[in-house]
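Sequential numbering from 1 along the given sequence is applied to the chain's residues. Since we're looking at a predicted model, the values are computed, not measured.
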Amino acid sequence: MKVTLNSTTLITELNGIPCRVWEGETETGIKCHAYITRIAIDKDEPRAWEFEKKLIECDPPSYKVEAIPAKLII
């Protein structure tokens, strides 16, 4: 399965660990969201600066994702 995700400004906590909520959809158009605690690239990546620059760009979360109570997150 392939999923395209966009970072949001929403940060929550899972099992005591802060994570950023990302929203997106599968290649077949099913909307989803992911809770990302870490993301990394190869330390020798020549375009690491580009990755880091893009990583700080965030969209506001959709109202559907913002409304999910933290107690419902597995």
Side-chain angles (χ1 to χ4, degrees):
M1 174 187 342
K2 290 186 180 184
V3 179
T4 301
L5 295 170
N6 293 309
S7 179
T8 73
T9 56
L10 183 61
I11 296 176
T12 190
E13 195 172 285
L14 289 177
N15 301 323
I17 300 170
C19 60
R20 183 172 301 275
V21 180
W22 293 55
E23 291 186 84
E25 62 182 53
T26 67
E27 60 190 337
T28 59
I30 299 170
K31 295 198 180 299
C32 62
H33 49 278
Y35 300 85
I36 308 294
T37 59
R38 294 174 182 86
I39 190 166
I41 59 172
D42 187 318
K43 66 178 183 169
D44 298 324
E45 170 59 53
R47 298 181 307 157
W49 64 271
E50 183 181 342
F51 179 84
E52 291 180 15
K53 180 181 173 190
K54 290 287 189 183
L55 192 58
I56 60 174
E57 295 175 4
C58 300
D59 297 327
S62 70
Y63 72 92
K64 289 181 180 180
V65 167
E66 196 167 28
I68 296 172
K71 67 182 180 181
L72 296 180
I73 300 169
I74 297 174

**Asked** Can you list the steps and then say if Glu25 with Ile30 is a side chain to side chain contact (heavy atoms under 4.5 Å, CB included)?
**Response** CA-CA 5 Å; Glu25 62 182 53; Ile30 299 170; 5.9 Å; no
**Request:** Flag yes if Phe51 and Ile36 sit in one hydrophobic cluster, no otherwise; membership is Ile, Leu, Val, Met, Phe, Trp, Tyr, and two members link when side-chain heavy atoms are under 4.5 Å apart.
**Result:** yes
**Request:** Look at the side chain of Asn15 and the backbone N and O of Ile17, then say whether any donor-acceptor pair between them is shorter than 3.5 Å.
**Result:** no
**Message:** Just verifying a value: how many Å separate Glu52 CD and Glu45 CD, rounded to the nearest 0.5 Å?
**Reply:** 11.0 Å
**Prompt:** Got Arg20 and Cys58 here, is their nearest side-chain heavy-atom distance under 4.5 Å?
**Reply:** yes
**Asked** At their closest point, which heavy atom of Glu27 faces which heavy atom of Met1, and how far apart are they?
**Response** OE2-CA, 4.1 Å
**Request:** Might you point out which heavy atoms bring Pro18 and Gly16 nearest each other, and give the distance in Å?
**Result:** CD-O, 3.9 Å
**Message:** Among residues at least two apart in sequence or on other chains, which ones pass side-chain hydrogen bond (donor to acceptor under 3.5 Å, both in side chains) with Thr37?
**Reply:** none
Under 3.5 Å, side-chain donor or acceptor atoms of residues 2-10 against the rest of the protein: list the pairs with distances, not counting sequence neighbours.
from	atom 1	to	atom 2	distance (Å)
Thr8	OG1	Leu10	N	3.2
Thr8	OG1	Val21	O	2.5

**Complete:** Closest heavy-atom pair, Glu23 versus Pro60, reported as atoms and distance to 0.1 Å, is OE2-O, 4.3 Å
